[in-house]
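Protein chains get the first letters and strands the later ones, always in sequence-line order, with residue 1 at the start of each. Predicted model, so just to flag it, every value in this text is computed and none were measured.
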Amino acid sequence: ERSYFRLIRSHKLSGDLHKCVEVFNLMVSAGLQWKEQTGCTMVEVYGKLGQIEEAESIFQDMRNRGGYPDVVSCNTMLNVYAQAGMPEQADQLFQQMAAKGVTLPDTQSYTIVMKAYGKAGRSRESMVLFQAMREEGLELDEVSYNTVINVCGGEMPAMEAVRLIREMQENGYSPSMVTRNAILSVVAKSGRMEDVQELFEDFTEQGSVDGYSFSIVVDAFGKRRQLEKMEATISAAAAARISSVEMYNAAIDAYGKAGLFGTMENGLMRLQSVGLHPNAVSFNSIIHSYGTCGMLTEMEEAFERLRVAGLKPDIYTFNTLIAAYGDADMPHASVQVLRQMHEEGIFPDEVTYNSLISAFEKAGDFLEAARWSLWKNQAGFSSK
RNA sequence: UUUGCUACUUCCAGGA
């Protein structure tokens with residue numbers, strides 16, 4: 001058991017999730033009974049693969065074996081729901097933990113459920129949990145504060161935000177880099193670019209900016225199509241020798257969405273010229289940009305370039321292609337992409353089904369659209 | 001080193 005666990009863990013660390021599943025299946029078919037640690041790791045692995053049902057089934061096995069899963073396993077399952085954008089399921093498990101009294105939720109449990117609601121745009125529920133957390137007398141650590149800033153910061157009146165930061169400091173957490181970046185990100189999402197600039201300048205003077213800070217600002221300028229300011233920020237990052245793939249990806253996406261394909265491609269070159277390597281996100285942006293304006297040849301070439309770069313397409317890549325062919329009134333090409341996706345071991349998610357349904361609707365094939373809608377439901381996704 | 005926080009990409013919706 002132990003050596004299987006170690007093998008699974010090392011595959012997980014190197015990011016090869018399919019290998020984890022392989023080893024786990026081997027272990028099961030060898031008749032070995034896995035321990036909670038192993039189960040917990042597999043819950044996380046299946047979650048990252050988007051196979052929520054598998055994760056649930058492992059977790060359920062843990063329950064069936066008598067003793068309730070410990071708080072770590074529960075938190076892992078909660079986090080799978082959070083990542084998958086399933087706040088109700090997370091909350092349900094959370095309630096069960098509290099009700100049964102065997103595995104009381106801890107600070108992390110609360111934090112994860114707050115994040116789950118936050119991701120779903122339901123910051124009100126997150127605030128309620130935050131209050132509950134204080135009433136329970138639970139310790140609020142830096143991560144939980146940062147999470148609150150991230151999910152509720154945008155909705156909070158300025159005064160309340162200031163109070164939160166002060167409370168954080170009183171509890172012994174002076175704003176860390178993560179906290180500063182979370183604030184920067186919240187302000188950036190609100191679209192107040194003058195404030196973003198001012199904050200960023202302050203942070204820069206204080207010498208507390210990192211790769212996250214730069215990409216947050218580059219992305220914010222890019223999304224608002226303030227391309228010259230975006231470029232100035234990229235130059236500043238280069239001068240400070242703090243460049244990241246994410247920063248360049250944000251620029252590539254901005255140029256692509258602005259229809260400036262030459263500059264977009266140039267962004268990919270620049271990324272490489274500073275010694276960075278593009279990732280799937282880089283190509284996904286490019287594929288999307290060509291796809292949405294009907295440049296299907298260029299799109300397919302970009303898909304090919306992704307592989308030539310030694311990268312693997314992910315769920316975003318496939319969903320983007322499916323949507324692009326749908327847009328181009330080629331729903332059967334979309335289905336072809338789905339097959340390819342399946343062959344590569346990637347499971348369709350809700351977006352995949354939505355795109356296929358739209359593809360057939362757009363082509364006027366409502367019967368086929370209805371069938372995909374049915375299949376979507378059968379796969380456990382609710383109707384649109 | 002079995003779990004949680006800040007940056008980039010897909011459908012839909014929303015917001016301006």
Side-chain angles (χ1 to χ4, degrees), chain A residues 5-6 8-10 12-13 35-45 47 69-80 82-83 106-116 118 121 141-151 153 176-186 188-191 210-220 222-224 244-254 256-257 278-289 291-292 314-324 326-327 334 349-359 384:
Chain A
F5 170 62
R6 285 201 181 138
I8 291 173
R9 192 180 52 185
S10 81
K12 194 188 110 198
L13 283 176
K35 295 210 181 83
E36 179 149 356
Q37 282 189 358
T38 312
C40 185
T41 303
M42 289 312 297
V43 168
E44 196 189 353
V45 166
D70 66 18
V71 71
V72 172
S73 302
C74 290
N75 287 349
T76 306
M77 191 65 226
L78 284 176
N79 197 44
V80 166
Q83 308 258 35
D106 63 6
T107 300
Q108 292 196 28
S109 322
Y110 277 90
T111 306
I112 296 166
V113 181
M114 286 195 296
K115 182 182 72 169
D141 62 10
E142 202 206 314
V143 174
S144 49
Y145 277 115
N146 289 339
T147 303
V148 173
I149 292 172
N150 189 36
V151 304
S176 66
M177 186 82 85
V178 172
T179 308
R180 287 165 204 263
N181 286 338
I183 294 169
L184 198 59
S185 162
V186 163
K189 277 181 206 137
S190 80
D210 65 2
Y212 280 80
S213 329
F214 277 106
S215 40
I216 291 166
V217 176
V218 166
D219 183 53
K223 288 229 172 11
R224 314 198 85 75
S244 63
V245 174
E246 289 80 0
M247 180 185 78
Y248 282 100
N249 284 348
I252 289 170
D253 190 58
K257 292 215 165 84
N279 58 23
V281 175
S282 323
F283 288 101
N284 290 345
S285 284
I286 295 175
I287 290 168
H288 178 256
S289 295
T292 47
D314 62 13
I315 182 91
Y316 284 83
T317 318
F318 289 116
N319 286 346
T320 304
L321 290 167
I322 288 171
D327 249 1
S334 297
D349 65 3
E350 185 167 11
V351 173
T352 316
Y353 286 106
N354 288 344
S355 303
L356 284 160
I357 295 165
S358 307
K384 252 205 266 199

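Here the side chain of N249(A) is nearest to one of rU3(B), rC8(B), rC5(B), namely rC8(B). In this structure, of rU6(B), rC11(B), rC8(B), it is rC8(B) that holds the atom nearest to the side chain of E246(A).
Here Y316(A) does not pack flat against the base of rU10(B), since the 5.5 angstrom centre distance and 30 degree tilt limits are not both met.
Residues satisfying the side chain to side chain donor-acceptor pair (under 3.5 Å) test with T107(A), not counting sequence neighbours, are none. Taking V245(A) as the reference, N249(A), L271(A), L276(A), N279(A), S282(A) meet the side chain to side chain contact (heavy atoms under 4.5 Å, CB included) condition, with sequence neighbours excluded. Applying the side chain to side chain donor-acceptor pair (under 3.5 Å) criterion to N181(A), with sequence neighbours excluded, gives D210(A), S213(A). Scanning for side chain to side chain contact (heavy atoms under 4.5 Å, CB included) contacts around D219(A) gives K223(A), A250(A), with sequence neighbours left out.
Between the side chain of Q108(A) and the base of rU3(B), at least one donor-acceptor pair of N or O atoms lies under 3.5 Å.
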| field | Base-pairing string, 5' to 3', of RNA chain B - Watson-Crick or wobble, under 3.5 Å, | interstrand | value | ................
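Side-chain atoms of N75(A) and D106(A) include a donor-acceptor pair closer than 3.5 Å.
Distance, N150(A) CG to rA7(B) P: 6 Å, rounded to whole Å. N319(A) places its CG atom 9 Å from the P atom of rC11(B), with the value rounded to the nearest Å. Atom CG of D141(A) is separated from atom P of rC5(B) by 11 Å (rounded to the nearest Å). Remark: C1' of rC5(B) and CG of N181(A) are 11 Å apart, rounded to the nearest angstrom.
As judged by a 4.0 angstrom heavy-atom cut-off over every strand, T179(A) is placed among residues making no nucleic acid contact. Residue S285(A) is in sugar-phosphate contact alone, with no base atom involved, counting any heavy-atom pair closer than 4.0 Å across all strands shown. Contacts of E44(A) with the nucleic acid, taken as non-hydrogen atoms under 4.0 Å apart, involve only primed sugar atoms and P, OP1 or OP2. As judged by a 4.0 angstrom heavy-atom cut-off over every strand, S215(A) is placed among the base-contacting residues. Among the atoms of the strands shown, only primed sugar atoms or phosphate atoms (P, OP1, OP2) are found under 4.0 Å from some heavy atom of K115(A).
Atom CZ of F5(A) and atom OG of S10(A) lie 10.5 Å apart (nearest 0.5 Å).
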Within the sub-3.5 Å range, which N or O atoms of nucleotides 14-16 of chain B have a protein N or O partner, and how far apart are they?
none

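Listed pair K223(A) / rU9(B) meets the phosphate criterion, a side-chain N or O lying under 4.0 Å from OP1 or OP2.
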